[in-house]
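The structure appears below as structure tokens.
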Amino acid sequence: MDLNLIMLMAGGGGADQKGGGYQSLIFLGLIIVVFYFFMIRPQMKKTKEAKKFREALKKGDKIVTIGGIHGRIVEDNNPATFVIETEGGGRLRIERIAVASNVNDVAIESK
């Protein structure tokens, strides 16, 4: 019942329009394809790259967290967390997903 109602609304009444229902469905399909290629696919690619970046972090890397804390990774035993050492000598256990950037990579890119 709902599908018939949708088809009638998309076709605009039907009898006086030739192929109007199919044109609306094709247009809707094109909109969905455009949304996929311009919004969904780039976001999935960005998420995949961020995951790859975080998995590549290792002991000795200088990092910046999403909260703005700068530190150096001193322990990397747990796959979900690691320990960083800050400038004052303090140690913090943080989640891998909390890392915003690698300071070593930023220094190389800015040159």
Side-chain angles (χ1 to χ4, degrees):
M1 177 77 177
D2 291 340
L3 183 58
N4 289 333
L5 181 61
I6 292 171
M7 292 298 289
L8 284 174
M9 289 173 56
D16 41 344
Q17 287 186 345
K18 296 181 181 177
Y22 292 115
Q23 289 176 353
S24 296
L25 289 177
I26 291 171
F27 183 69
L28 182 64
L30 287 174
I31 289 174
I32 291 171
V33 168
V34 167
F35 270 108
Y36 175 77
F37 281 106
F38 287 107
M39 298 179 80
I40 298 170
R41 189 166 179 244
Q43 184 63 34
M44 289 178 8
K45 185 177 179 182
K46 186 177 177 182
T47 303
K48 190 176 184 181
E49 288 174 357
K51 182 179 179 183
K52 188 176 168 183
F53 159 72
R54 290 183 179 115
E55 288 174 352
L57 291 172
K58 61 189 179 302
K59 186 175 178 179
D61 285 347
K62 294 180 181 179
I63 61 164
V64 179
T65 68
I66 56 176
I69 299 172
H70 292 248
R72 184 175 48 88
I73 300 174
V74 291
E75 289 181 32
D76 185 16
N77 300 331
N78 190 341
T81 64
F82 48 77
V83 177
I84 64 169
E85 184 176 62
T86 59
E87 187 176 326
R91 291 182 174 221
L92 301 169
R93 178 170 304 276
I94 62 167
E95 297 284 326
R96 281 192 186 271
I97 60 173
V99 177
S101 64
N102 188 339
V103 175
N104 299 333
D105 292 343
V106 173
I108 291 170
E109 290 176 4
S110 64
K111 288 184 179 181

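Just so you know, these numbers come straight off a predicted model, no measurement behind them.
- Annotation: side chain of Ile66 is not in contact with side chain of Val99 (no heavy-atom distance under 4.5 Å).
- Applying the side-chain hydrogen bond (donor to acceptor under 3.5 Å, both in side chains) definition to pairs two or more places apart or across chains, those involving residues 64-79 are Arg72-Glu85, Glu75-Arg91, Asp76-Arg96, Asn78-Thr81.
- Counting non-hydrogen atoms of other residues, nucleotides and ligands closer than 6.0 Å to CD1 of Ile40 gives a total above 12.
- If you run side chain to side chain contact (heavy atoms under 4.5 Å, CB included) between Thr47 and each of Met44, Gln43, Glu49, only Gln43 comes through.
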Q | CA sep, side-chain torsions, deciding dist, call: Ile69, Leu92, side chain to side chain contact (heavy atoms under 4.5 Å, CB included) | A | CA-CA 10 Å; Ile69 299 172; Leu92 301 169; 4.1 Å; yes
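- One distance of note links CD1 of Ile63 with CZ of Phe82; it measures 4.0 Å at 0.5 Å rounding.
- Note that the CD1 atom of Ile84 and the CD1 atom of Ile94 stand 4.5 Å from one another [nearest 0.5 Å].
- Closest non-hydrogen pair, Phe53 versus Ala100, comes out as CE2-O, 4.3 Å.
- Atom CZ of Arg41 and atom CE of Met39 lie 15.5 Å apart (nearest 0.5 Å).
- With values rounded to the nearest 0.5 angstrom, Leu57 atom CG is found 10.0 Å from Glu55 atom CD.
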